[in-house]
Each structure stands twice: as structure tokens, then as C-alpha cells.
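Quick notes on the structure that follows.
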There are 2 protein chains.
Amino acid sequence: MTGSKNNPGPTGKALGLLKEVIALHGKPFHPETISKKTGVPVANLYRYLNSFLEARLLIHPARGEYLPHPSFLSLLSTLTSKEVLDRVIRPKLERLVRILPTTLHFGVLESEMVTYLIKVSPKGQMLFTKENMQLEAYCSSIGKVLLAAMQDADIKIYLEGDSFPALTRYTITDPERIKAEILKTRQRGYGIDDREIHEDLFCLAVPVVSTLGETIGAISAASNLGDLLAKDIDLTLKELRAVAKNVGSVF
Amino acid sequence: MTGSKNNPGPTGKALGLLKEVIALHGKPFHPETISKKTGVPVANLYRYLNSFLEARLLIHPARGEYLPHPSFLSLLSTLTSKEVLDRVIRPKLERLVRILPTTLHFGVLESEMVTYLIKVSPKGQMLFTKENMQLEAYCSSIGKVLLAAMQDADIKIYLEGDSFPALTRYTITDPERIKAEILKTRQRGYGIDDREIHEDLFCLAVPVVSTLGETIGAISAASNLGDLLAKDIDLTLKELRAVAKNVGSVF
DNA sequence: TAGCTATTCTCATTAATTGGGAATAACCTC
DNA sequence: GAGGTTATTCCCAATTAATGAGAATAGCTA
């Protein structure tokens, strides 16, 4: 719950400018352009910039050039975005696994492949996946969810660019059918992998959506084919969705 | 020249808090402790925090826990502190090399070794050094300057911890004499390497000091022994100091 | 459920930010 | 070195937002 009503803090425009400047990556800073883009009057631009310089968040090596301060970069370099995701999401999956005894994954899309950042298994259950492993997106439940969250144009590029080998006899390999599967995934809001990666594996996945509506990853529950009865699917989805919503609200 | 008089921007206390929170690395955030440490009243702590949450600079995954927002980390991860140093300092060395035809280096201390981040040579001059190369600190001019900037206690640790092999017959290897050399370097404000790394090499180095007084690195001028006449030493030092001062004022 | 503590709220007072445009200063080119 | 360009600072009064202490609340843990 951010954004108190009666007690505003310092203006957010200044902080937006900070990100704007960082995103420039040292490319020339044109006051008029930035002013128009952000709606911040020129006079204020420089007031903000000076605040950032004083706070040693930025440096100002030359006219029209602003860069992140090396000491600030060092401070942040001790933590990566993946580590933050891990810290936030892992405990929630560990709580979930106690009431939903399936192997849980959290994965993100990286250059058209799914990276499994987190794996949490119930006692005794073994699965071939490993953390930081990359798998094809088109045949995994997490991958389907993440593909479904992409722009149509990007999906098109994905379908045209890759080849889609079959990992089992159930793998969908025809681009047209993959596209249909992605659209179906988008429409129903969750992804299914039914023996498409492994003959004995059934997975369900739901997206993790940030407060801004971006899909930042997906959570999946995997189990051996026999374990997950049809009547459990609704329950599994319900629990997955609850955690995904809870996780997403943080970002 | 930061810090305008008549036109203050948004308060710097909020920005100080941002760095404070990031430096916590997700360790529990105790409002009373932070309030006492930073002098910011508790009510304001939360106002600032909420601003940072709204700006998506921080996330708030749990009570008493604040972490950098992954998207913010990603934004910054495209730039490293070394790259920023490079961008700022290299052009200044390239300008200097035209009037001071010696090989110029900028180096920093990393785990008791000197890392040569930047090398700029005049046409035709060859030197064995390479960028990103690491060399021993005790026998290089940059190293001596950086050691001289350390706390006495840390110098003591350095002298006790390492062994000091001789690279030439001029290398100072006795810890007591190294210590004396460091103190001499500190006192006169510049470092000399007279054939201690290489039989044919003579170097001068001066510290790069930030606006807060921290020594963030050193700049050296290296030349083959015959090239640098005694009467040139003063000129070289003068030019090195000018650039070092100019560079340091950015940070 | 109780107990601890992080977090928000209230409200009047105070102090800082705001913004447009003119003035300045730094850089680049000739 | 001089001139032109543009980033940066300055000026001002009106407006608006920040401030701070303590009470109230809400969320976690045992």
C-alpha cells in the first residue's frame, strides 16, 4: 500500500528524473528535451540534478553529461536483480510447498529461453530441473505463460526465429500450433505442460504480474503424471494464483 | 560546483536515506535505529520510503524489509563503476598525453593489488603494461600512492600479510623500508618507481582525490629511464597534478 | 490470543519548492 | 582568440508541500 494521502513525501518527479538520467547511460543530456519528456521545468531539472550530485548519486563530468556515481554503482553492485527476486520469492514458495506437495519453480524469460531461478521441492520428490537451468520456452508451462505475456509482434518474431525440436512425442513443434497454444494460454490465464518436456511430467504455471501490470516471471507446480489428479488442478491453480498475486504485489 | 544557495532542490536527507537503505542489503530496517543514525524523524522515514516505493526504486517485501527494486538494479547493471571511471578519466588522459609524451596510467587498489584500468600511450612508445593488468602495489608508483592513502592500521596489515618479491635489483623488499617509502610518498604527495618493477622504467604518480577527500585512484606517467630528465620531473608532476585535481573534482 | 514493533495518521506550523524568463558561463568552431 | 551556441544558474514572490511529535493502527510471532 504505497502513496499516503495526507502526508506526501518529497516529490516523486525528482526521483523519476534520477531514473531518466541513469537510463541515458551517459548520452548527452538535453535539458529542453528532458524537460518536455518529463514535464519538469528546466529550472527544476537542475535543482534536482544538483541534489543528486550533492547526494553523490550522480556525477557531472562535463557539460550536458550526467552519469551514476561510481560509489553508488558499487553500493548497488553488491546485489543483483536475481538475488532480490530470490530473496522475495523463495520464502513464499517454501511456504507454499508445505501445503502443495509439488515441485515449485519460479522462472523468467531471458533471450527467448526460460531460466529457472528458484526450485523448491517437497521431501522426496526428485526432478531433473536445476536452478539457473535454461529450458525452451515453447514446451514449458512457465515459458508458455511468459510468451503469452509478450507483445504479438514479439511472439511473431519468436515463432519465426527459432526451430522447435520435440523433446517427447507430445511436444508441440509446429509454429502454428505453438502460436495457438500461446494464445490459449493467454486467454485462460495459466499455462500447461502435459508431457511436452518429459514423458512423465505435468506442469501448471501462472504469471507473476507487477503492480504496473508487467509480467516479471511465472510460478509453476510440477509433478509426476500420476500424482496430480484432475480434481487437484483447480486447487493447485488456486494456490499458485494466490502466491503469484502476493508476490506480484511487491513489485 | 554543486549546491546552489538560493534555489535548493528536494531535500538531500531523503536521498541519503535511499543510500542508507540500499546499504542495508535487506537486513532488517529498524526505524528507531535509522532515525537516530540519520537524524531523520521516524514520520519522515516512512514518507521518504513511500516515495521510493512509488518511484520503484525500492520494494517492500515484508515488514521491516526494504530492498532495491529489481528493475532499478537492472537499469544500473548496464553500467559498472569501472566503466564510469573509464569514461570520465580516459579522455582527460588522452588530452594530457599530447602535451606530456609519456605513457599514462590510471589505477586503483583492489585487494592489495594495483589494477591498471586505463593506459594511454604516446605514438610509438611501447610498454609491457596492459589494461586490467594487476601489479604489486609496493613497487609501483601508483601502488605507493594508494598505499599511502590508506589508514596506518591497514598499511600495517598489508606489510604483515604479504611477501615482497624483488622484480629488479632495485625493488624494495624489506617491509620496514617499504613502510618508510610509503610514509615518504604520503609526505611528499607523489610516488616514485625508480626501476623497481623494470630495469628500464621510471614512473611518477599522484593521487586522484574526490571532493570528499577519499583517494579513489592514482594517475602515473611512465617513461623509459633515459627519456625523463630530472628537469622534466617538476613539469610532469605539475601536469599530473592538474589532471588529477580536475578528475577528482568530478567525484 | 497476546505482545511487540513497524507503519500510518492527525494537524497546525514552518519552510522549502515552484516556474518563467533573463543572465551567465562553458564549450566548440573558425 | 573571438563569436556563436547551449547548458546552467539566478532572481523573485506566491504557492504548496514538507515537517515533526505523539497517538492510533496494523501486521507479525510465539
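Computed from a predicted structure; not experimentally measured. Every chain is numbered from 1, with letters handed out A, B, ... down the list of sequences.
- Distance CG (B/Leu17) to C1' (C/dT7): 14 Å, rounded to an integer number of Å.
- Comparing C/dT7, C/dT8, D/dA7 by their nearest atom to the side chain of B/Pro31 picks out C/dT7.
- Taking the six-membered ring where tryptophan is involved, the planes of A/His69 and B/Phe251 are perpendicular, since the angle between them exceeds 60° and thus also 30°.
- Contact annotation: A/His60 side-chain N/O to D/dT8 OP1/OP2 distance is under 4.0 Å.
- Between B/Ile34 atom CD1 and C/dA6 atom P the separation is 11 Å, expressed in whole Å.
- Within the structure, every side-chain polar atom (N or O) of B/Tyr48 is placed at least 4.0 Å from both OP1 and OP2 of C/dT8.
- The distance between atom NE2 of B/His30 and atom P of D/dC28, rounded to the nearest whole Å, is 15 Å.
- A close approach under 4.0 Å does occur between a side-chain nitrogen or oxygen of B/Tyr46 and OP1 or OP2 of C/dT7.
- Residues B/Glu214 and A/Arg56 are paired through a salt bridge, judged by an N-O separation under 4.0 Å between the basic side chain and the carboxylate.
- You'll find that the side chain of A/Arg63 is closest to D/dT8, out of D/dA26, D/dT8, C/dG20.
- The CZ atom of A/Arg47 sits 16 Å away from the C1' atom of D/dA7 (whole-angstrom rounding).
- When the C1' atom of C/dT8 is taken as reference, atom CD of B/Glu54 falls 14 Å away, rounded to whole Å.
- Checking C/dG19, D/dA26, D/dT8 against the side-chain heavy atoms of A/Ala43 singles out C/dG19 as nearest.
- If A/Pro61 and B/Val42 are placed on DNA chain C by their nearest nucleotide, the residue sitting closer to the 5' end is B/Val42.
- Side-chain proximity of A/Asn44 to the nucleotides C/dG19, D/dT8, C/dA6 is greatest for C/dG19.
- For the pair B/Asn50 CG and C/dT8 P, the computed distance is 5 Å after rounding to whole Å.
- With rounding to whole Å, B/Leu49 atom CG is found 13 Å from C/dA6 atom P.
- Distance CD (A/Glu32) to P (D/dA7): 7 Å, rounded to an integer number of Å.
- Every residue two or more places apart in sequence or in another chain was checked for a ring-ring contact (aromatic ring centres under 6.0 Å, His included) with B/Tyr190, and none qualifies.
- Taking 4.0 Å as the cut-off between side-chain N and carboxylate O, B/Glu83 and B/Arg90 do not count as a salt-bridged pair.
- Ion pairing of A/Glu110 with A/Lys82 is present here, as a side-chain N (NZ or NE/NH1/NH2) and a carboxylate O approach within less than 4.0 Å.
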